[in-house]
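Working notes, beginning with the structure itself.
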Amino acid sequence: MNLILYILIFIIGMLFGSFYTLAVYRIPKRQDIVHTHSYCPNCNHKLGFLDLIPIISYVVLKGKCRYCKNKIRPRYLILEMLSGLLFVAMSLVMDFRLETLTITKIIEFCFMILYITFIILMAGIDKENRKMDKLVSVYGIVISIMYMVYLCIVEQANIYRYGIYLILYIIVLVFDTITLKKYAKNSYVIGILWMIITMIIFTGEYITSNAIIYTLLAISFYLLLHKIKERKRKNKKTEKQIANHLSIGFFLGTFNILMLLLVLFVTNYQRI
């Protein structure tokens, strides 16, 4: 029976993965992600139900649009598969089984899905556009407040601890407002701060701090490789120019999810 449960979770994960690809493409363009029908970005033809079945449609259509025959980027297939696997992995490390299912565990799993959605959207948009999207940040703040209320009321968590995070949100919001008024643009650094606070609320200080450390190591390694490559070229880029193209949010989100899965796995293994 658990196998059926995990297959169902995998399917749900694939459906979310399909939504993620759509949202990462449309949100930066401020296009509707709920009511507007899916369409081919090349020929703008509306896609039918048979064109939107995760993984299966891609395989049947051989990675091409049914209407214009233009190639569909493999990342859509990869993200759908990874999303399905991520949902299953999360359910496994959270010990999400039929024998242990409770209302509390279902609610916690749903919150984790909402959180994963936030991380993937932030990381995906940053990877594609080098931008910390404010609308997604607001979504992260909303689910964070909902999660804090749930923890404080239902699980009797330390209200003072989460009160501090709420104050941090307010402080960053004030700085964000001042920056927006002064420069009339979104601040990438402030977006990163929004993301880090949300990460701490959902995954804790230990996982978040490790994600930051691994992000810094990955960035250092990336800059080192770039510096080696630039030595062989005539038109050398400065470190500042290279840094301006670094998707810090993408690295943060990736390492945060990996650390979360690792810590949950180790915790459950020790219980066994």
When rounded to the nearest 0.5 angstrom, what distance separates CG in Leu5 from OG in Ser91? 6.5 Å

With no hydrogens and no angle check, is any side-chain donor or acceptor of Ser209 less than 3.5 Å from a backbone partner on Tyr206? yes

Okay, side chain of Arg130, backbone of Lys127: is any donor-acceptor separation there less than 3.5 Å? no

Using the side chain to side chain contact (heavy atoms under 4.5 Å, CB included) rule, take Val154 and Ile107 through it: C-alpha gap first, then chi angles, then the decisive distance, then the call. CA-CA 11 Å; Val154 179; Ile107 293 173; over 6 Å; no

How close do Asp95 and Thr100 get, counting heavy atoms only, and between which atoms? O-OG1, 2.9 Å

CD of Glu80 to CZ of Phe19, rounded to nearest 0.5 Å, is 13.0 Å

With a 4.5 Å limit on heavy-atom distance, are the side chains of Met199 and Met122 in contact? no

Nearest-0.5 Å distance that lies between atom CG in Leu86 and atom CG in Leu261: 6.0 Å

Do Tyr165 and Leu173 sit in one hydrophobic cluster, given that two such residues count as connected whenever their side-chain heavy atoms are within less than 4.5 Å of each other, even indirectly? yes

Give the cluster check for Ile78 versus Met14: same hydrophobic cluster or not, with ILVMFWY residues linked at side-chain heavy-atom distances below 4.5 Å. no

Less than 6.0 angstrom separating the ring centers of Tyr150 and Phe111, yes or no? yes

Is there a side-chain contact between Ser144 and Tyr169 (heavy atoms, below 4.5 Å)? yes

Look at the aromatic rings of Phe255 and Phe251 and report parallel, tilted or perpendicular, splitting at 30° and 60°. parallel

Donor-acceptor side-chain pairing of Tyr115 and Asn256 below 3.5 angstrom: yes

Heavy-atom check, side chain of Thr203 versus side chain of Met259, under 4.5 Å: no

Using the rule that two of Ile, Leu, Val, Met, Phe, Trp, Tyr join whenever any of their side-chain heavy atoms come within less than 4.5 Å, decide whether Leu166 and Ile159 are in one cluster. no

Spacing of CD belonging to Glu128 relative to CD1 belonging to Ile27, to within rounding of 0.5 Å: 13.0 Å

Would you compute the distance between atom CD of Glu108 and atom CE of Met90 and round it to the nearest 0.5 angstrom? 12.0 Å

Can you confirm whether Leu168 sits close enough to Ile200 that some side-chain heavy atom of one is under 4.5 Å from a side-chain heavy atom of the other? no

Any idea which heavy atoms bring Val24 and Ile120 closest together, and the distance? CG2-O, 4.5 Å

Keeping Glu155 on the side-chain end and Cys152 on the backbone end, is there a donor-acceptor pair under 3.5 Å? no

Mind checking the CD1-CG spacing from Ile212 to Leu217? Nearest 0.5 Å is all I need. 12.0 Å

Do you know which two heavy atoms are closest between Gly249 and Met195, and how far apart they sit? O-CE, 3.3 Å

Looking at every non-hydrogen atom in both residues, tell me the closest pair between Gly13 and Ser83 and how far apart they are. O-OG, 2.6 Å

Please name the pair of heavy atoms, one in Tyr188 and one in Lys131, separated by the smallest distance, quoted to 0.1 Å. CE1-N, 4.0 Å

Is there a chain of hydrophobic side chains (I, L, V, M, F, W, Y, each step under 4.5 Å between heavy atoms) that links Ile4 to Leu8? yes

For Asp133 and Leu135, indicate whether the former's side chain and the latter's backbone hold a donor-acceptor pair under 3.5 Å. yes

Using the rule that Ile, Leu, Val, Met, Phe, Trp and Tyr join whenever any side-chain heavy atoms are under 4.5 Å apart, tell me whether Ile9 and Leu82 fall into a single cluster. no

Flag for Thr254-Tyr214: side-chain donor and acceptor within less than 3.5 Å: no

Looking at Ile170, I want to see if its CD1 is surrounded by more than 12 non-hydrogen atoms of other residues, nucleotides or ligands under 6.0 Å. yes

With no hydrogens and no angle check, is any side-chain donor or acceptor of Tyr139 less than 3.5 Å from a backbone partner on Leu114? yes

Starting from the C-alpha separation in whole Å, work towards a yes-or-no answer on side chain to side chain contact (heavy atoms under 4.5 Å, CB included) for Leu151 and Gln156. CA-CA 6 Å; Leu151 290 175; Gln156 302 296 312; over 6 Å; no

Between Ser137 and Trp194, is there a donor-acceptor pair closer than 3.5 Å when you use the side chain of the first and the backbone of the second? no

Tyr147 vs Phe202, ring-ring contact (aromatic ring centres under 6.0 Å, His included): CA-CA, chis, key distance, verdict: CA-CA 8 Å; Tyr147 189 54; Phe202 275 94; 4.6 Å; yes

Testing Val88, Leu101, Asn2 one by one against Phe96 for a side-chain contact (heavy atoms from CB on, under 4.5 Å), which residue passes? Leu101

Which is it for Ile141 and Ile145 under the side chain to side chain contact (heavy atoms under 4.5 Å, CB included) test, yes or no, and what are the steps along the way? CA-CA 6 Å; Ile141 294 169; Ile145 293 173; 3.9 Å; yes

Any side-chain donor near an acceptor of the partner, Thr117 and Tyr20, under 3.5 Å: yes

Does Lys29 count as lying over the ring of Tyr25, i.e. NZ or CZ under 6.0 Å from the six-ring centre, within 45 degrees of the axis? yes

A quick test of your reading: do over 12 heavy atoms of other residues, nucleotides or ligands sit less than 6.0 Å from CE of Met94? yes

Has Thr21 got a side-chain atom pairing as donor or acceptor with Leu79's backbone, closer than 3.5 angstrom? no

Quick one: do Phe87 and Met112 satisfy side chain to side chain contact (heavy atoms under 4.5 Å, CB included)? Show the steps, please. CA-CA 9 Å; Phe87 274 48; Met112 279 297 108; over 6 Å; no

Within a reach of under 6.0 Å around NZ of Lys105, are more than 12 heavy atoms found that belong to other residues, nucleotides or ligands? yes

What closest approach, in Å, do Ala157 and Tyr162 show between heavy atoms, and which atom pair accounts for it? CB-CE1, 3.7 Å

